[in-house]
Amino acid sequence: MDELNGRMIACQLLIAGLIARVANDSADPLRFLTDFRDEIRAVVAGVNIAGSGNAERAREAAKQTVDELFSLMKPPSSD
């Protein structure tokens with residue numbers, strides 16, 4: 001289980017870096033991040049979760065993870 005958690009954290013960091021890099025190249029980074037977050041949340045809301053005793057609990061955990069990932073990103077500094 002620790003190995004799985006470690007891999008998930010590494011994956012989240014990799015995705016956060018990728019999203020930040022693409023947002024940096026965007027004309028309006030904050031709008032890009034907001035739109036991308038909304039798209040990811042829509043995907044999580046519509047995905048079929050099979051093999052789980054409580055699919056809604058898994059969905060809520062996934063939405064929370066998405067929100068946490070995007071909350072780590074903040075608008076670029078005005079420097």
Using distance only, find each side-chain donor-acceptor pair of residues 57-66 under 3.5 Å and give its atom names and separation, not counting sequence neighbours.
| from | atom 1 | to | atom 2 | distance (Å) |
| --- | --- | --- | --- | --- |
| Arg59 | NH1 | Val44 | O | 2.8 |
| Arg59 | NH1 | Ala45 | O | 3.2 |
| Arg59 | NH1 | Val47 | O | 2.9 |
| Arg59 | NH2 | Val47 | O | 3.3 |
| Gln64 | NE2 | Glu68 | OE2 | 3.3 |
| Thr65 | OG1 | Ala61 | O | 2.9 |

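Annotation: the span from Ile19 atom CD1 to Asn24 atom CG amounts to 12.5 Å, rounded to 0.5 Å.
In this structure, the side chains of Thr34 and Asp38 come closer than 4.5 Å at one or more pairs of heavy atoms.
In this view, Arg31 and Asp28, Asp35 satisfy the side chain to side chain contact (heavy atoms under 4.5 Å, CB included) rule, not counting sequence neighbours.
In terms of heavy atoms, Pro29 sits closest to Ser26 at CD-O, 3.8 Å.
One hydrophobic cluster, built from ILVMFWY side chains closer than 4.5 Å, cannot hold both Val43 and Ile15; they sit in different ones.
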